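Encoded as structure tokens, the structure appears first; notes follow it.
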Amino acid sequence: MAVAVLASGLVAAGTLVGATAAAADETGQHQGGATAVLDGLKTYDHAVLRIEGKDGKEPKTQKLPAGLFEMNVDGGGTLKTYCIDIHNPTQPLAKYLETPWDQTSLGANNDAGKIRWILEHSYPKIDDLAALAKEAGTGPLTEKTAAAGTQVAIWRFSDDADVTASDEQAEKLADWLEGKAENVAEPKASVALDPAAVSGKAGERLGPITVHTNADQVSVAPPADAAASGVTVTDKDGKPVTQATDGTGLYFDIPEDAADGSAALTVQATTSVPVGRVFAGVTKSQTMILAGSSESTVTATATAAWAEKGAVPALTAEKNCAKGGVDITAGNKGDEPFTFELAGTKHTIPAGETRTVTIPVAEDQAYDFTITGPGGFSENFKGVLDCETAGTPAPAEGDDTETQTGSEPVPAQTGTSSTGAEGDLAATGGSSATPVIAGVAIALVVLGGGAVFLLRRKKPQTSGQ
């Protein structure tokens, strides 16, 4: 991206990179909730995926594992998830973030609520398999066949897949779940802060930052240098806050003599993440939906910036699947206009206003934007835009039935083979250079043709709350 340094403004540098080149260990701008690492496919049976033939060829079928994955939560806890992107392979030990539906493929899926209904009415949420089998009229179910039948039903809504469980009882469960499912609302985030960034002047209380959580309470950690800077976290009356509940408003209380600067607060809780929350990969990896959670550590962070005079920015970012890009929202609580330039387009935010720049990013591409401002202010936003399920692969050649090869269990995916056990997969289906080439091509288009960034007034975001 073109970079310009403007008086009392901001420097913005951004890159589009191949998904495999993204910083795998970075969570970027997490909007709150659980962060976890994939541990593999643990409870599964099998299913058969039917792939339509092309150019008049006969349809092909592929046998694949179907069932429950497990993830280990950073800070403690375990998650059980199902796949909602059948044609996209997982990556070994991939890092995942709790993510609102509208920033994933479920945002444009009219059947997203039916997937949540299935999760609430099947295994493992319903762990009395005899009762589940009786209600669904399936005959005896095991943990493996119950997981397979549930996954098959989910795939029919998440990917519009023509898929059948190999086990007769699992297939009956899938059919029953598909027929009974009805749309229900997206669950609330396990924890989030809204807004995630505020700004103002020294001597003010900056906020409110509203806590949203399903936990009974969250602990509130003050800025790391609070003792030296004098910055405290308080309620609206200035009383210090160390614990908060859903709906609590938090404020950064900035001393009058504080030098221009910035600070961050963190809230943390131990809670069960709500069934139906989506987990998206930090790098390109199969999108998951939560089926069950132990008591797990969840966190959210908010930042504040202040200055005596000039422009005072507050920046947040979130994926905008509807527009195919990343919304970078810039607020200016200073007393001078806030001016910055992206890709040759100049934007000015008057004092006291908030607007959003939508940066186009191609599907499956990683992004990395670093934005700096007055007083050493700096924010970095990175991630992968993964708003669609992967397309159906070309039909396999040879026999009508293609079977997974290699050690099992392996993640549910098609057109690939496994390397190792417990769900570890090599990235396949194309050259490893493909994402990088695509990223370079997009960057050339942006630089050659010029990018038009939509600048609009932004209302407060409540996504995923």
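This chain uses plain numbering: 1 for the first residue, then up along the sequence. Just so we're clear, the structure is a prediction, and the values are computed from it rather than from any experiment.
At least one donor-acceptor pair under 3.5 Å links the side chain of T297 to the backbone N or O of G75. The backbone N or O of V384 sits less than 3.5 Å from a side-chain atom of K319, completing a donor-acceptor pair.
Looking at N88 and T389, their side chains never come closer than 4.5 Å, going by heavy atoms from C-beta outward. In this structure, L79 and E70 have side chains that are not in contact, with every pair of non-hydrogen atoms separated by 4.5 Å or more. Within the 4.5 Å cutoff, no side-chain heavy atoms of H212 are placed close to those of L193. Residues K188 and N214 form no side-chain contact, since every pair of their non-hydrogen atoms from C-beta on lies 4.5 Å or further apart. Inter-residue side-chain proximity for T354 and I349 is flagged as unmet; no heavy-atom pair is nearer than 4.5 Å. You'll find the side chain of L173 reaches within 4.5 Å of the side chain of L141, heavy atoms only. The shortest distance between side-chain heavy atoms of I51 and Q62 falls below 4.5 Å. Annotation: side chain of V37 is in contact with side chain of D74 (closest heavy-atom distance under 4.5 Å).
The closest side-chain donor-acceptor pair between S285 and Y96 falls under 3.5 angstrom. For T358 and D327, the side-chain atoms include at least one donor-acceptor pair closer than 3.5 Å. In summary, the side chains of N380 and D368 do present a donor paired with an acceptor at a separation below 3.5 Å, with no hydrogens or angles considered. A side-chain donor-acceptor contact under 3.5 Å links E295 and S272. Side-chain atoms of Q91 and Q286 include no donor-acceptor pair closer than 3.5 Å.
By the 30° and 60° cut-offs, the orientation of the rings of Y44 relative to H46 is perpendicular.
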Determine whether T164 and E171 satisfy the following criterion, side-chain contact (heavy atoms from CB on, under 4.5 Å), listing intermediate values before the conclusion. CA-CA 6 Å; T164 304; E171 175 63 12; 3.2 Å; yes
Step by step, would you call V267 with V191 a side-chain contact (heavy atoms from CB on, under 4.5 Å)? CA-CA 8 Å; V267 298; V191 67; 3.8 Å; yes
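Here E58 does not pair with R50 in a salt bridge; the nearest charged N to carboxylate O distance is not below 4.0 Å. Between K284 and D364 there is a salt bridge, since a side-chain N of the basic residue sits under 4.0 Å from a carboxylate O of the acidic one. Look at D175 and K180 and you find no salt bridge, because none of the NZ, NE, NH1 or NH2 atoms lies under 4.0 Å from a carboxylate O. Under a 4.0 Å N-O distance rule, the pair E186/R277 qualifies as a salt bridge.
In terms of heavy atoms, E98 sits closest to V273 at OE1-CG1, 3.8 Å.
Under the ring pair (Phe, Tyr, Trp, His ring centres under 6.0 Å) criterion, W176 pairs with no residue, sequence neighbours left out.
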